[in-house]
Amino acid sequence: MKPTALRFYDSHNVTVRDIEIVNSPQCHLKFDSSSGIKVDNITINSPEMSPNTDGIHLQNTKDVEIQHSNIGCGDDCVSIQTGCSNIHVHDINCGPGHGISVGGLGKDKSVACVSDIVVEKISLQNTLSGVRIKTWQGGIGSVKNVTFSNIEVSDVKYPVIIDQFYCDKKTCKNQTDAVAISGVKYDSIKGSYSVQPIHLACSNDVPCTGVDLIDIQLKPSSNGYGGFRQALCWNSYGKSQAPLVPSSIDYCLRTESGSVKGTARSRHEHIC
């Protein structure tokens, strides 16, 4: 396995600040099974095409603040994995890279539990994704209470994503179970996209609930990749609030019902 440049395991009350990490063989900065983490004023720099070079990777870690940093890499600028809670990411410049991601979660039918995530005041330039949640089919557990707000995107391919059909191979087996996603707010997401403004692909059996789309203003960029796609929303429930650009976003979300909420939560939230 290629090494991580800097890793903290089972560490508590840690501050990492005022450093630069360049061209890590794989993930640049990783925290695992830790708590009380603060990352401030760091620079991460790797080429866009360098595989699996996540900027900051969190797993089984809680009580984290990541702020005032510049991250350019070949994968997620910040990756939030299972077992994470009370995470605050703000005032970050991301690009190149794959954006700010929660997941992928639930691979190989595993349990995933993520809660209380705030991502705000983020600037993304020329990234694959903006802010996203991605889960594998067949997983169990839950993602809940996630807020993405005040996000600026420039030439981002997919600014807003929830993908419960995540697959990093050509094909993946269809499975009915899924990590339940609830209480996700997208508030003030603005800028330009080069492929598709919004992609909400939720499980047929465990739909996304409590999704809020507020003040989304996304326009096609001048660097479109062979045509622009309409917003896609599948089996996602919640509410939207103007202004919404493009207008197709206004028809994205279904109206919630108690039975829908119960189906998603009863089987999964008790696990976490």
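Start at 1 with the first residue, then count along the sequence. All values derive from a computational prediction rather than experimental measurement.
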Report the C-alpha distance between I66 and L58 in whole Å, list the side-chain angles of each, state the deciding distance to 0.1 Å, and finish with yes or no for side chain to side chain contact (heavy atoms under 4.5 Å, CB included).
CA-CA 11 Å; I66 300 171; L58 307 174; 4.1 Å; yes

Residue pair Q81, S79: steps toward the side-chain hydrogen bond (donor to acceptor under 3.5 Å, both in side chains) verdict:
CA-CA 6 Å; Q81 298 293 330; S79 174; 2.7 Å; yes

How long is the gap from [atom1] on [X] to [atom2] on [Y], to the nearest 0.5 Å?
| X | Y | atom1 | atom2 | result |
| --- | --- | --- | --- | --- |
| D155 | L124 | CG | CG | 12.0 Å |
| Y158 | H199 | OH | NE2 | 8.0 Å |
| S236 | I181 | OG | CD1 | 10.5 Å |
| I151 | I189 | CD1 | CD1 | 5.0 Å |
| I92 | S123 | CD1 | OG | 10.5 Å |
| T171 | N174 | OG1 | CG | 9.5 Å |

So that I can tick it off, tell me whether [Y] and [X] are bridged by a salt bridge, with the cut-off set at under 4.0 angstrom between side-chain N and carboxylate O.
| X | Y | answer |
| --- | --- | --- |
| D177 | K109 | no |
| D168 | K134 | no |
| D116 | K62 | no |
| D54 | K30 | no |

Considering non-hydrogen atoms only, spot the tightest contact between [X] and [Y] and give its length.
| X | Y | answer |
| --- | --- | --- |
| C77 | G95 | SG-N, 3.9 Å |
| G141 | C272 | CA-SG, 3.8 Å |
| A112 | L105 | CB-CB, 3.6 Å |
| F31 | T61 | O-OG1, 3.3 Å |
| Q164 | V206 | OE1-O, 3.4 Å |
| L200 | I161 | CD2-C, 4.4 Å |

Under 3.5 Å: donor-acceptor pair, side chain of [X], backbone of [Y]:
| X | Y | result |
| --- | --- | --- |
| S46 | C73 | no |
| T82 | C113 | yes |
| S142 | K144 | no |
| S50 | P47 | yes |
| S34 | S11 | yes |
| Q137 | Q175 | yes |
| Q196 | Q230 | yes |
| N235 | N204 | yes |

If you apply the rule side chain to side chain contact (heavy atoms under 4.5 Å, CB included), what do you find for V16 with F8, and how did you get there?
CA-CA 10 Å; V16 178; F8 292 86; 3.7 Å; yes

Trace of the side-chain hydrogen bond (donor to acceptor under 3.5 Å, both in side chains) decision for S240 with D250
CA-CA 6 Å; S240 56; D250 195 28; 3.3 Å; yes

Do the side chains of [Y] and [X] get nearer than 4.5 Å, heavy atoms only?
| X | Y | value |
| --- | --- | --- |
| L218 | I216 | yes |
| K169 | C167 | yes |
| L29 | I21 | yes |
| V184 | F148 | yes |
| E152 | S154 | no |
| C94 | T127 | yes |
| I140 | V179 | no |
| V64 | N86 | no |

Pair D32-R7, salt bridge (Lys or Arg N to Asp or Glu O under 4.0 Å): steps then yes or no:
CA-CA 8 Å; D32 197 338; R7 182 187 182 207; 3.4 Å; yes

Which is it for S33 and D10 under the side-chain hydrogen bond (donor to acceptor under 3.5 Å, both in side chains) test, yes or no, and what are the steps along the way?
CA-CA 5 Å; S33 301; D10 195 17; over 6 Å; no

Indicate, with yes or no, if [Y] and [X] share a hydrophobic cluster defined by side-chain heavy-atom contacts under 4.5 Å among Ile, Leu, Val, Met, Phe, Trp and Tyr.
| X | Y | answer |
| --- | --- | --- |
| F165 | I133 | no |
| L232 | Y186 | no |
| L244 | Y251 | no |
| L6 | I37 | yes |
| I56 | Y9 | no |

Ring pair (Phe, Tyr, Trp, His ring centres under 6.0 Å) between H90 and H68, worked out:
CA-CA 7 Å; H90 64 96; H68 304 301; 5.6 Å; yes

V195 vs R229, side chain to side chain contact (heavy atoms under 4.5 Å, CB included): CA-CA, chis, key distance, verdict:
CA-CA 6 Å; V195 177; R229 303 178 192 172; 3.8 Å; yes

Take the angle between the ring planes of Y166 and W136 and call it parallel below 30°, perpendicular above 60°, tilted in between.
perpendicular

Quick one: which of T4, D76, I44 gives a side-chain contact (heavy atoms from CB on, under 4.5 Å) with C27?
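Between C27 and the candidates, side-chain contact (heavy atoms from CB on, under 4.5 Å) is satisfied uniquely by T4.
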
Let me see the working for D215 and K190 under side chain to side chain contact (heavy atoms under 4.5 Å, CB included), right down to the final yes or no.
CA-CA 8 Å; D215 189 12; K190 301 177 181 180; 3.2 Å; yes

Between the side chains of T53 and D75, does any donor sit under 3.5 Å from an acceptor?
no

Mind checking salt bridge (Lys or Arg N to Asp or Glu O under 4.0 Å) for K239 and listing every partner two or more places apart, or none if nothing turns up?
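Here the qualifying residues are D212.
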
Please lay out, stage by stage, how H98 and S129 fare under the test side-chain hydrogen bond (donor to acceptor under 3.5 Å, both in side chains).
CA-CA 5 Å; H98 292 182; S129 306; over 6 Å; no

Should we say atom CD of E120 is surrounded by more than 12 heavy atoms from elsewhere, each under 6.0 Å from it?
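Yes, because the 6.0 Å sphere around CD of E120 holds more than 12 heavy atoms from other groups.
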
